[in-house]
2 protein chains.
Amino acid sequence: MKRPHSTSPRARAPKLATVAKAAGVSIGLASRVINDDPTVSVRPETRRRVLATAERLQYVPQASAQALRQRRTKVIGLAVHDLASTLVVKLLEGAREEAVARGYLLLLTDADELAFTPESRRLYLGGARIDGLILQDGHASMGDAIDEIGAVLPTVVFNTPGRTLSPGVLVDESLAGRLAAKHLIELGHREIGFIGGVQGTHTNDARLDGARRAMAEAGLASSLHVVDGDWTAPGGFHALNQLVGERPEVTGVVTVNVSTGTGAIAAALDSSVSVPQMLSVVAIQDAWTADFTVPRMSTVVLPLRELGQEAVRLLIRYIDGEDVEESHVVAQQPYLHPRESAAPPRLARARREHPVSPG
Amino acid sequence: MKRPHSTSPRARAPKLATVAKAAGVSIGLASRVINDDPTVSVRPETRRRVLATAERLQYVPQASAQALRQRRTKVIGLAVHDLASTLVVKLLEGAREEAVARGYLLLLTDADELAFTPESRRLYLGGARIDGLILQDGHASMGDAIDEIGAVLPTVVFNTPGRTLSPGVLVDESLAGRLAAKHLIELGHREIGFIGGVQGTHTNDARLDGARRAMAEAGLASSLHVVDGDWTAPGGFHALNQLVGERPEVTGVVTVNVSTGTGAIAAALDSSVSVPQMLSVVAIQDAWTADFTVPRMSTVVLPLRELGQEAVRLLIRYIDGEDVEESHVVAQQPYLHPRESAAPPRLARARREHPVSPG
DNA sequence: TTGAAAGCGGTACCAT
DNA sequence: ATGGTACCGCTTTCAA
């Protein structure tokens with residue numbers, strides 16, 4: 001293998017001193033010109049000359065030297081639980097976009113590893129590698145870890161409001177749950193199932209709460225039937241089977257996320273419960289996979305990209321020492337994306353098997 | 001919001017000097033003890049004392065200072081095209097795992113942005129932030145960018161062998177294509193479709209080549225019918241419709257990846273072509289979503305995690321100035337994961353409509 | 001309007 | 001077996 005670098009020890013990148021000498025100015029002046037220091041008045045001609053040489057030499061300041069001097073790395077840490085999750089992917093895209101736009105880079109890691117492996121925590125959080133951290137909450141058991149980290153590094157948490165020292169960013173999960181349930185209600189469903197994620201997590205509980213509220217508003221407070229899942233498709237598969245067995249009167253189901261919805265639809269078809277004829281399914285959260293279930297999955301779209309962007313903005317303000325609110329709900333709201341998995345209850349299994357009292 | 005950091009300017013982390021003084025030794029000695037410098041013989045008692053104080057003070061060396069001095073950041077860049085892709089996710093997991101195990105961190109970025117946005121390229125590659133780069137090739141048009149980058153920074157490319165200055169890591173794509181086609185052949189299919197990604201990319205062409213080879217080995221060289229896709233589910237959807245229309249004799253289809261397969265299965269059901277009764281589908285590459293198509297998708301599993309690990313190992317050796325081979329195929333091989341989307345041709349549409357000469 | 005020089009926190013060489 | 005010290009490349013006061 002040809003090795004462009006090691007053979008001739010990679011042509012060292014030009015340093016500030018190189019530029020300064022070439023431009024015929026002192027190092028300090030070069031630095032101030034390049035950084036646009038407003039407190040310094042340079043002769044236009046000098047400024048031009050410095051800038052031109054910097055450009056010509058392709059000068060890029062060395063990050064570690066800057067960081068050492070300024071105590072600022074311009075790197076933000078991002079710790080998430082599951083990269084394969086579509087939620088995380090969307091969020092990550094938004095975060096990266098916003099970070100880059102502001103001159104920050106993203107250092108990625110696994111939230112669980114961060115929480116539970118001290119060694120990895122040191123490597124990642126120690127050594128002043130990052131200026132701040134965006135952390136995905138999840139398991140309730142992370143609470144302590146989050147607080148410890150938040151005490152030591154500017155941290156923004158998403159998915160969990162108020163439980164930590166650190167400011168949080170949120171989408172309106174409750175509204176999302178409400179929209180999903182309301183959709184089913186408006187289609188004419190009366191007995192509705194909710195397949196959840198893990199109880200006790202904010203995401204699950206807020207989505208469920210929204211669904212409950214929609215039911216209550218429609219005078220159906222006691223007709224929401226909750227089954228726990230685990231956020232995954234297998235979990236949704238299992239939960240739907242359980243629900244269908246225990247609650248034959250249910251004609252519509254809200255699932256806490258797309259994976260769960262995918263599992264639920266697969267389970268329904270598996271037991272010859274046709275979707276949406278016999279059972280309607282609406283998932284909270286959206287993903288490209290929703291377009292490729294059969295039938296295509298109706299969802300509530302969450303502003304996850306915006307969540308990522310907002311997390312970065314908030315964190316940067318926090319790093320800069322500004323005052324930040326304790327928790328920030330992104331302005332953009334969830335909205336319904338109807339596809340084909342939810343429809344009016346046509347073949348109500350329920351009515352045939354278990355007559356239900358009206359209203 | 002309470003601000004643990006800005007109020008009392010975050011208790012500065014202890015530096016080496018702090019540890020050295022507390023342990024009653026010189027800075028230099030402390031450094032050498034902590035770094036296990038083998039060329040130095042310290043009194044056991046002294047070593048113990050230094051290590052103990054470092055531990056007690058929770059000392060972590062400051063990354064930027066080390067990097068400045070050693071010209072080494074212990075950070076590896078990873079540039080990928082599409083984070084939402086399951087391929088990338090697996091690879092990323094493998095890479096992260098291996099990197100962390102070797103004391104490296106991963107800095108993530110978007111390959112297209114890297115290739116086409118000079119500004120972002122400077123931010124990311126300039127300033128000596130990373131020691132090396134793992135780059136996902138993709139669009140053929142990246143060629144130049146890859147070479148430019150490879151000339152300036154130790155780079156490992158995956159997905160494209162031989163086309164660049166930089167060493168590459170690969171999985172045996174050709175074998176994967178062969179396994180998929182062979183599976184269909186062994187099930188009894190004779191007229192087989194191949195729904196591709198983008199022609200001219202190594203991934204697509206190698207997988208197709210493998211499928212061709214399997215056909216040829218079975219004496220079916222002219223019975224492989226290729227339709228182009230674009231790696232996506234919508235692309236697969238469209239391609240399957242086209243294939244079914246133009247080639248009614250086809251009873252089995254290999255798709256270049258899971259997304260394409262998902263689209264293909266959806267399209268089949270959509271046109272009342274039952275899977276696997278009337279049409280079998282085998283996708284190359286695996287993902288959790290394959291468990292939740294209806295029917296569940298038969299796939300060829302690729303060793304992507306290992307690919308990520310191998311990329312990191314190779315890159316580190318490259319960075320360390322060792323000689324590395326031009327391209328490295330990971331040892332672990334693709335294997336078939338049969339599920340339910342491929343079966344013997346039972347209701348051969350073909351035979352009814354276009355009688356085919358036997359074998 | 002510009003230059004000189006003191007660090008930022010480590011590492012590694014040269015003394016002792 | 002240990003200490004002293006010259007850098008790494010940059011920012012930022014202080015002087016001129």
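So that the names make sense, note that chain A is the first sequence line, chain B the second, and so on, each numbered from 1.
Note on residues 56-83 of chain A: pairs passing salt bridge (charged side-chain N to carboxylate O under 4.0 Å, His left out), not counting sequence neighbours, are A:Arg72-A:Asp320. Sorted by first and then second residue, the pairs that involve residues 304-314 of chain A and meet salt bridge (charged side-chain N to carboxylate O under 4.0 Å, His left out), not counting sequence neighbours, are A:Glu93-A:Arg305, A:Glu97-A:Arg305, A:Glu98-A:Arg313, A:Glu310-A:Arg313. Listed by first and then second residue, the salt bridge (charged side-chain N to carboxylate O under 4.0 Å, His left out) pairs involving residues 114-128 of chain B are A:Glu55-B:Arg122, B:Arg121-B:Glu148 (not counting sequence neighbours). Listed by first and then second residue, the salt bridge (charged side-chain N to carboxylate O under 4.0 Å, His left out) pairs involving residues 17-38 of chain B are B:Asp36-B:Arg47 (not counting sequence neighbours).
In this view, A:Ile27 and A:Leu16, A:Ala17, A:Ala20 satisfy the side-chain contact (heavy atoms from CB on, under 4.5 Å) rule, not counting sequence neighbours. By the side-chain hydrogen bond (donor to acceptor under 3.5 Å, both in side chains) test, B:Ser85 pairs with no residue at all, sequence neighbours left out. Scanning for side-chain contact (heavy atoms from CB on, under 4.5 Å) contacts around A:Ala79 gives A:Thr109, A:Ala111, A:Leu114, A:Leu133, A:Leu135, with sequence neighbours left out.
DNA chain D is contacted by no residue of residues 43-57 of chain A, taking any non-hydrogen atom closer than 4.0 Å.
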Fill in the blank from the handout: Protein-proximity profile, nucleotides 7-15 of chain D, B/S/- by nucleotide at the 4.0 Å heavy-atom cutoff, equals BBBBBB---
